[in-house]
Amino acid sequence: MGELYVPVSIESIQADVFPDVALYIKSGDKYILYKSHGRNFSNQDAARLMENKVEFLFVSPADLEVITAYMESNAERVLNDDTLQAKIKGKIIYQTSINFVGDIFEHPEKVSDFSRSQRMVKNLLQYLSSDRDSFQSLESVMTHNYYTFVHSLQVTALSVLLHSEAYLLSHDEMLDVGIGTLLHDFGKVFVSPTILSKEGKLTPSELEEYRRHPEEGYQYLKKHTKLSDISLGVVRCHHERNNGNGYPQGLKGPEISRSAQVAAICDVYCTLTIDRSCRKALSSAIALLIMKQEMKGSFNERLLDALEGIVCTDNPAQFL
């Protein structure tokens with residue numbers, strides 16, 4: 001993650017319980033100190049910032065672990081706070097999830113704490129099931145974060161909605177789906193950062209290294225965690241394609257688990273519809289057109305139709 005500062009929504013900074021860390025305002029590409037260590041963040045601070053349309057403050061990478069621990073420990077309280085609007089809850093829960101993924105990528109050994117992953121996804125599922133506009137409200141945090149971590153969360157949210165639309169899953173299976181998709185790109189921790197950030201076409205050797213990430217993520221997680229076969233299958237097979245043109249195993253159709261098929265569709269859709277430095281986001285309609293025509297045969301058509309019903313209407317699927 002380098003020197004990327006971590007965004008924290010104003011709503012989640014509660015003066016009486018928030019950790020004593022320095023807080024910064026982003027101005028262009030610079031981070032300007034707003035509150036130093038030892039000075040309380042007051043309700044007046046929050047009101048003034050909100051009046052000036054400031055939604056997020058930032059903490060330095062050195063304080064990531066402190067902030068992540070705080071947000072995770074407060075997530076359940078946030079979800080059960082009837083005084084908070086659903087959109088504010090979403091902003092806090094999504095931000096907590098993104099920081100979690102960032103922490104895991106920065107410290108891969110932490111992924112062995114299975115109860116932490118379960119807790120995170122349970123909170124995410126609770127929010128997704130309580131707000132009919134839950135997927136759309138992801139936009140409130142997307143522009144303030146790093147691509148890989150936001151992408152992981154976006155794929156998770158959409159996979160949960162698509163699973164609930166296409167299949168009748170138990171809560172435990174949905175939990176496995178959520179954990180698998182949240183960690184689906186974990187193998188990228190083993191890929192050179194220069195390859196991940198490269199905007200031009202990858203060389204054959206670079207492409208070979210990149211394409212190892214699903215298998216390497218799967219092998220590491222299988223050895224060091226208690227993830228279920230469903231979760232591990234999502235990590236290993238989210239780049240497989242129905243026509244056999246995917247990787248790492250070149251599986252076809254029913255050889256690919258249903259959860260991995262869903263994750264593959266959501267992974268591509270979310271890649272096409274999020275802004276990146278090398279390409280502007282496509283609309284939902286254009287992204288689906290590309291997936292149905294230019295990538296014909298790559299995906300289960302019934303799942304594509306179900307995805308269209310979720311992202312191209314005002315009534316996203318409800319579940320649980």
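Worth knowing before you read on, the calculation uses all heavy atoms, side chains too, and leaves out hydrogens, waters and symmetry mates.
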Around [X], counting heavy atoms of other residues, nucleotides and ligands shown, do more than 12 lie under 6.0 Å from its [atom1]?
X    : atom1 : result
Q85  : CD    : no
E255 : CD    : yes
L168 : CG    : no
N43  : CG    : no

Count I, L, V, M, F, W, Y as connected when their side-chain heavy atoms are under 4.5 Å apart, and connections chain through other members. Are M71 and V17 then in the same cluster?
yes
Spell out, yes or no, whether L303 and L289 are grouped together once hydrophobic residues are joined by side-chain heavy atoms under 4.5 Å, including indirect joins.
no
Ion pair check, [X] and [Y], cut-off under 4.0 Å:
X    : Y    : value
K91  : E55  : yes
R302 : E165 : no
E308 : K292 : yes
E215 : K222 : no

For the ring pair [X] and [Y], is the centre-to-centre distance below 6.0 Å?
X    : Y    : value
H151 : H184 : yes
Y94  : Y127 : yes
H238 : H213 : yes
Y31  : Y5   : yes

Rounded to the nearest 0.5 Å, what separation is found between the [atom1] atom of [X] and the [atom2] atom of [Y]?
X    : Y    : atom1 : atom2 : answer
I290 : S298 : CD1   : OG    : 12.5 Å
I67  : D103 : CD1   : CG    : 12.0 Å
S164 : L169 : OG    : CG    : 8.0 Å
D229 : L227 : CG    : CG    : 10.0 Å
E173 : Y167 : CD    : OH    : 10.0 Å
K35  : S42  : NZ    : OG    : 10.5 Å

Less than 6.0 angstrom from the centroid, inside 45 degrees of the normal: does R39 satisfy that with respect to the ring of Y34?
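Relative to the ring axis of Y34, which defines the angle, R39 lies inside both limits.
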Kindly indicate whether the side chain of [X], heavy atoms from C-beta on, has any atom under 4.5 Å from the side chain of [Y].
X    : Y    : value
V234 : C237 : no
I195 : L207 : no
T68  : E106 : no
Y24  : L33  : yes
V311 : L288 : yes
L307 : F299 : no
V155 : D185 : no
V8   : Q95  : no

For a salt bridge (Lys or Arg N to Asp or Glu O under 4.0 Å) check, start with the C-alpha distance between R48 and D45, then their side-chain angles and the critical distance, and finish with the verdict.
CA-CA 5 Å; R48 185 164 54 247; D45 285 317; 2.7 Å; yes
Hey, what's the ring geometry for F56 with F58, parallel, tilted or perpendicular (30° and 60° as the breaks)?
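F56 and F58: tilted rings.
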Where the side chain of [X] meets the backbone of [Y], is there a donor-acceptor pair that is under 3.5 Å apart?
X    : Y    : answer
D81  : R77  : no
S231 : D176 : yes
K226 : F114 : no
Q261 : I256 : yes
K26  : D29  : no
Q249 : E240 : no
N52  : V54  : no
D63  : V59  : no
D20  : G38  : yes

Closest approach of S283 to T273 (non-hydrogen atoms, all atoms of both residues):
O-CG2, 4.1 Å
Test ring-ring contact (aromatic ring centres under 6.0 Å, His included) applied to F18 and F41, step by step:
CA-CA 8 Å; F18 195 77; F41 182 88; 7.3 Å; no
Report the C-alpha distance between E216 and R236 in whole Å, list the side-chain angles of each, state the deciding distance to 0.1 Å, and finish with yes or no for salt bridge (Lys or Arg N to Asp or Glu O under 4.0 Å).
CA-CA 8 Å; E216 293 192 351; R236 190 182 205 180; over 6 Å; no
Does the ring-ring contact (aromatic ring centres under 6.0 Å, His included) test come out yes or no for F186 and Y218, once each step is laid out?
CA-CA 8 Å; F186 179 79; Y218 164 78; over 10 Å; no
Step-by-step salt bridge (Lys or Arg N to Asp or Glu O under 4.0 Å) determination, D113 to K110
CA-CA 6 Å; D113 184 353; K110 289 187 178 182; over 6 Å; no
